[in-house]
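To start, the structure itself, in structure tokens.
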Amino acid sequence: MVEKFIMAAETALHVCDSQQGERCVVLLHGYLESLLVWEDFVPYLYKQHRVITLDLPGHGISEVQGEVHSMEYLAGVVKGALDTLGVERCTLVGHSMGGYVALAFAEHYPERLEGLVLLSSTPNADTPEKAENRRREIALVKAGKKEQLAHVAPAAGFAEENRSRLKDAIEDLVEQVFLTEEEGIVALLGGMIERPDRNEMLRNCPVRQLFILGRKDGYIPLEAAEKLVANHPQAEVVWLDHSGHMGFLEEPERCSAALLEFMAAAR
């Protein structure tokens, strides 16, 4: 993987690019993560495909641009990255918040996609309760108490049965929270609060779709995940039986096999 900074839609962007492969998969990380979260997952993919990871603006070491990073702005940055890197079409994989960005991309630039993968993510808008929780997080970060997020969020993403086995991964995620700029956290929380419901868009989207969902996800409970699947018969679905919200770390072999199979079927 070649690590570098590029300009994408007038934003300085930190990317890693395997540069090899006829077809391309772009991995978009979630909230309080960075491209580092994909480090152990990428080797499952790069022997068969070109793999690109990036720090979404506001996280990692990409640039923060303004007080709110809308999902549309982030999607435009991803398009700019594809333009700069010479990628005409790709399969876009969005984990959690990265899925919200991928959905905005699919709405505005469907012609650039061979496939859309929502990994532990949904097209739903925030409920009033969820939006209020995000506003509380904004207040917490602005008060200089970011460390409170680090002590709760990373472990909560994993199924309870996996937390001991993956304690090193959880510690890595804690470290990523501490390295994330406060302004970036606030900008992305604001963007998630204001994002629209994209269920109807997704049902009408011409791009092939795959949902990868964990049966033990604390953020997308099983009942909500099953409702999502029922509402989107056009999408292929893979269930990770022993995963929470971080299925690509909890069951990487199963998750990567599902992704590779999905990409192979698009030939």
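Reckoned from all heavy atoms, side chains included, excluding hydrogens, waters and symmetry mates. For the single chain, residues carry numbers from 1 onward in sequence order.
- What you find for Pro123 and Leu118 is that their closest heavy atoms are CD-CD1, 4.3 Å.
- Under the 4.0 Å criterion applied to side-chain N and carboxylate O atoms, Glu236 and Arg208 are assigned as salt-bridge partners.
- The shortest heavy-atom contact between Pro110 and Glu107 is CD-O, 3.8 Å.
- Between Val64 and Gly58, the closest heavy-atom pair is CG2-CA, 3.9 Å.
- A salt bridge links Asp83 with Arg112: at least one charged nitrogen is closer than 4.0 Å to a carboxylate oxygen.
- A donor-acceptor pair under 3.5 Å links the side-chain atoms of Glu250 to the main chain of Ala159, judged by distance alone.
- To the nearest 0.5 Å, the span separating OG1 on Thr53 from CG on Leu36 amounts to 8.5 Å.
- Hydrophobic clustering places Leu260 together with Leu240 (ILVMFWY residues linked when any side-chain heavy atoms are closer than 4.5 Å, directly or through intermediates).
- The environment of CD in Glu39 is sparse: at most 12 heavy-atom neighbours from other residues, nucleotides or ligands sit within 6.0 Å.
- Glu137 CD to Lys145 NZ: the interatomic distance, rounded to the nearest 0.5 Å, is 14.0 Å.
- No chain of hydrophobic side-chain contacts below 4.5 Å, direct or via other Ile, Leu, Val, Met, Phe, Trp or Tyr residues, connects Ile220 to Phe248.
- In this structure, Ile185 CD1 and Leu140 CG are separated by 9.5 Å, a value rounded to the nearest 0.5 Å.
- Side-chain atoms of His29 come within 3.5 Å of backbone atoms of Leu56 as a donor-acceptor pair (strictly under, hydrogens ignored).
- No more than 12 heavy-atom neighbours from other residues, nucleotides or ligands sit within 6.0 angstrom of CD on Glu10.
- Inspection of the Gln176 and Asp172 side chains reveals no N or O donor paired with an N or O acceptor under 3.5 Å.
- We find the SG-NE2 distance between Cys90 and His49 to be 12.5 Å, quoted to the nearest 0.5 Å.
- A salt bridge links Arg135 with Glu132; the closest basic N to acidic carboxylate O contact falls under 4.0 Å.
- The side-chain heavy atoms of Leu210 and Val93, taken from C-beta on, include no pair separated by under 4.5 Å.
- The distance from atom CG of Leu54 to atom NZ of Lys4, rounded to the nearest 0.5 Å, is 12.5 Å.
- Remark: Glu67 CD is loosely packed, at most 12 non-hydrogen atoms of other residues, nucleotides or ligands lying under 6.0 Å away.
- Between the side chain of Arg203 and the backbone N or O of His232 there is no donor-acceptor pair closer than 3.5 Å.
- Val25 and Leu85 end up in different hydrophobic clusters when Ile, Leu, Val, Met, Phe, Trp and Tyr side chains are linked at under 4.5 Å.
- In this structure, OG1 on Thr91 lies 9.0 Å from CG on Leu116, to the nearest 0.5 angstrom.
- Between the side chain of His245 and the backbone N or O of Asp217 there is no donor-acceptor pair closer than 3.5 Å.
- In this structure the side chain of Pro252 reaches within 4.5 angstrom of the side chain of Tyr44, judged on heavy atoms.
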ask   = Do Asn204 and Glu200 pass the side chain to side chain donor-acceptor pair (under 3.5 Å) test, and can you show the C-alpha distance, the side-chain angles, and the key distance before you say yes or no?
value = CA-CA 6 Å; Asn204 295 320; Glu200 193 62 27; 3.3 Å; yes
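- A salt bridge links Lys216 with Glu161: the closest approach of a Lys/Arg side-chain nitrogen to an acidic carboxylate oxygen falls below 4.0 angstrom.
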request  = Could you please spell out the steps behind the side chain to side chain contact (heavy atoms under 4.5 Å, CB included) verdict for Val77 and Leu13?
outcome  = CA-CA 8 Å; Val77 171; Leu13 198 68; 3.7 Å; yes
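- Ser243 places no side-chain N or O within donor-acceptor distance of the main-chain N or O of Gly214, the cut-off being under 3.5 Å.
- In summary, Lys142 and Glu182 do not engage in a salt bridge, as defined by a charged side-chain N under 4.0 Å from a carboxylate O.
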request  = Give the C-alpha distance, both sets of side-chain angles, the deciding distance and a yes or no for side chain to side chain contact (heavy atoms under 4.5 Å, CB included) between Phe41 and Cys255.
outcome  = CA-CA 9 Å; Phe41 188 68; Cys255 190; 4.1 Å; yes
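- Taking 4.5 Å as the limit, every side-chain heavy atom of Phe178 sits out of range of all side-chain heavy atoms of Thr180.
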request  = Take Lys79 and Leu82 through the side chain to side chain contact (heavy atoms under 4.5 Å, CB included) test and state the conclusion after the steps.
outcome  = CA-CA 5 Å; Lys79 176 187 176 290; Leu82 295 181; 5.5 Å; no
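- Both Leu103 and Val229 are assigned to one and the same hydrophobic cluster, defined by single-linkage of ILVMFWY side chains at heavy-atom distances under 4.5 Å.
- For the residue pair Thr11 / Tyr73, a side-chain donor-acceptor distance below 3.5 Å is found, with atom types taken as modelled.
- Between the side chains of His14 and Glu3, at least one donor N or O sits under 3.5 Å from an acceptor N or O.
- A salt bridge links Arg198 with Glu72: at least one charged nitrogen is closer than 4.0 Å to a carboxylate oxygen.
- The two atoms that bring Met71 and Leu188 nearest to each other are CE-O, 4.3 Å, heavy atoms only.
- Taking all atoms of both residues into account, the shortest heavy-atom contact from Gly190 to Val68 is C-CG1, 3.7 Å.
- Within a 6.0 Å sphere centred on CD of Gln19, heavy atoms belonging to other residues, nucleotides or ligands number more than 12.
- Ile212 and Met246 fall within the same hydrophobic cluster, defined by Ile, Leu, Val, Met, Phe, Trp and Tyr side-chain heavy atoms under 4.5 Å apart, directly or through other members.
- With hydrogens and angles left out, the side-chain atoms of His95 and Ser120 include no donor and acceptor closer than 3.5 Å.
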request  = Any chance you could lay out the side chain to side chain contact (heavy atoms under 4.5 Å, CB included) test for Val37 and Leu173, step after step, and finish with the verdict?
outcome  = CA-CA 7 Å; Val37 80; Leu173 286 165; 3.7 Å; yes
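- For the pair Leu27/Val42, a side-chain contact is recorded, criterion being any heavy-atom separation below 4.5 Å from C-beta on.
- The nearest pair of heavy atoms linking Ser62 to Pro57 is CB-CA, 3.9 Å.
- No donor-acceptor pair under 3.5 Å is formed between the side chain of Glu261 and the backbone N or O of Ala258.
- The backbone N or O of Leu113 lies less than 3.5 Å from a partner atom in the side chain of Arg89, making a donor-acceptor pair.
- Side chain to side chain, Gln20 and Tyr46 fail the donor-acceptor criterion of an N or O pair below 3.5 Å.
- Distance alone, capped at 3.5 Å, is enough to place a donor-acceptor pair between the Asp55 side chain and the Ile61 backbone.
- Look at Glu160 and Arg163 and you find no salt bridge, because none of the NZ, NE, NH1 or NH2 atoms lies under 4.0 Å from a carboxylate O.
- By the 4.5 Å heavy-atom criterion applied to side chains, Leu149 and Tyr31 are counted as neighbours.
- When only modelled atom types and interatomic distance are considered, Asn124 and Asn199 share a side-chain donor-acceptor pair under 3.5 Å.
- A donor-acceptor pair under 3.5 Å links the side-chain atoms of Glu63 to the main chain of Ala12, judged by distance alone.
- For residues 106-158, every residue pair satisfying the ring-ring contact (aromatic ring centres under 6.0 Å, His included) rule, not counting sequence neighbours, is listed here: Phe105-Tyr109.
- At distances below 3.5 Å, not a single donor-acceptor pair connects side-chain atoms of Ser34 with backbone N or O atoms of His59.
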